[in-house]
Amino acid sequence: MPSEGYEEYLEGIYEIFGRDFVDAGIVSSQIKNGLKSRGITESIIRRVAVITFEAEVNIISYAHQGTISYYVLPDSIIIEAIDVGPGINDIELALQEGYSTADETIREMGFGAGMGLANIKKSSDSFEMSSVPGEGTRVKSTIWLKGKQQGEDVT
Ligand SMILES: Nc1ncnc2c1ncn2[C@@H]1O[C@H](COP(=O)(O)OP(=O)(O)OP(=O)(O)O)[C@@H](O)[C@H]1O
Ligand SMILES: [Mg+2]
């Protein structure tokens with residue numbers, strides 16, 4: 001289900017495969033480079049990088065396959081991660097810092113602290129998440145480009 005209403009602002013869409021840990025980080029750096037070439041502020045890029053990296057690692061860790069898309073609108077950036085996978089039964093619980101179902105393989109790769117979704121939420125000005133158990137998960141983050149917003153780097 002691609003996002004409706006802002007298709008014309010789509011800058012990139014990247015496919016990610018479950019268990020493909022060797023490629024972890026590639027999509028988030030490609031998005032980072034895309035935003036740099038668009039002249040987006042460094043502090044905004046840093047927040048987008050946190051969101052895309054954590055979403056990317058979650059798809060690799062838990063889903064079968066998925067996509068991360070990003071949109072550059074006149075006053076916001078939207079990141080959308082959609083996957084086909086087991087989904088999440090209890091989203092509130094999954095968002096809690098420290099909650100993780102990461103297995104040995106994921107932990108060996110250095111992930112599984114249970115911080116990814118919480119950090120995605122913190123780095124977003126607006127955050128939406130939905131999931132259908134047995135089908136998949138969707139995470140949508142918005143970052144405002146103008147004005148001082150929640151979570152914005154003030155240094
Ligand atoms: N795309 C997803 N599909 C299915 N389950 C997910 C997905 N993303 C997260 N989860 C579930 O939510 C839990 C919490 O995710 P979160 O990203 O916050 O932490 P983590 O991946 O366990 O560890 P960290 O992100 O700190 O390396 C995961 O352990 C997993 O059970
Ligand atoms: Mg994670």
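These numbers come from the heavy atoms of this one structure, side chains and all, not from hydrogens, waters or symmetry mates. In listed order, ligands and their atoms are each counted from 1.
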Between ligand 1 and the protein, which N/O pairs fall short of 3.5 Å?
residue: ligand 1; atom: 1 (N); partner: D83; partner atom: OD2; Å: 2.8
residue: ligand 1; atom: 8 (N); partner: N58; partner atom: ND2; Å: 3.4
residue: ligand 1; atom: 17 (O); partner: N58; partner atom: OD1; Å: 3.0
residue: ligand 1; atom: 17 (O); partner: N58; partner atom: ND2; Å: 2.9
residue: ligand 1; atom: 17 (O); partner: L117; partner atom: N; Å: 3.3
residue: ligand 1; atom: 18 (O); partner: G116; partner atom: N; Å: 3.3
residue: ligand 1; atom: 18 (O); partner: L117; partner atom: N; Å: 2.9
residue: ligand 1; atom: 21 (O); partner: N58; partner atom: OD1; Å: 3.1
residue: ligand 1; atom: 21 (O); partner: Y62; partner atom: OH; Å: 2.9
residue: ligand 1; atom: 22 (O); partner: Y62; partner atom: OH; Å: 2.9
residue: ligand 1; atom: 22 (O); partner: S100; partner atom: OG; Å: 2.5
residue: ligand 1; atom: 23 (O); partner: G112; partner atom: N; Å: 3.3
residue: ligand 1; atom: 23 (O); partner: A113; partner atom: N; Å: 3.2
residue: ligand 1; atom: 23 (O); partner: G114; partner atom: N; Å: 2.9
residue: ligand 1; atom: 25 (O); partner: G116; partner atom: N; Å: 3.0
residue: ligand 1; atom: 26 (O); partner: A113; partner atom: N; Å: 3.2
residue: ligand 1; atom: 26 (O); partner: G114; partner atom: N; Å: 3.0
residue: ligand 1; atom: 26 (O); partner: M115; partner atom: N; Å: 2.8
residue: ligand 1; atom: 26 (O); partner: G116; partner atom: N; Å: 3.4
residue: ligand 1; atom: 27 (O); partner: G112; partner atom: N; Å: 2.7
residue: ligand 1; atom: 29 (O); partner: Y62; partner atom: OH; Å: 3.0
residue: ligand 1; atom: 29 (O); partner: S100; partner atom: OG; Å: 3.4
residue: ligand 1; atom: 29 (O); partner: T101; partner atom: N; Å: 2.8
residue: ligand 1; atom: 29 (O); partner: T101; partner atom: OG1; Å: 3.4
residue: ligand 1; atom: 31 (O); partner: T101; partner atom: OG1; Å: 2.5

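For the pair E128 and R138, the minimum side-chain heavy-atom distance is below 4.5 Å. Using a 4.5 Å heavy-atom cutoff, the side chains of V48 and Y70 are not in contact.
Between F21 and S61, the closest heavy-atom pair is CE2-OG, 3.7 Å. Minimum heavy-atom separation, I59 to G66: CG2-N, 3.9 Å. The two residues A49 and S28 make their nearest non-hydrogen contact at O-CB, 4.3 Å.
Within the protein, the N, O or S atoms lying under 2.8 Å from the Mg ion (ligand 2) are N58 OD1.
Separation of atoms CZ (R38) and CG (L35) is listed at 8.0 Å; rounding is to 0.5 Å.
D125 has no carboxylate O lying under 4.0 Å from a charged side-chain N of K140, or vice versa, which leaves the two without a salt bridge.
Side chains of E80 and S69: a donor-acceptor N/O pair is absent below 3.5 angstrom, by distance only.
Between the D23 side chain and the I26 main chain, no donor and acceptor come within less than 3.5 Å of each other.
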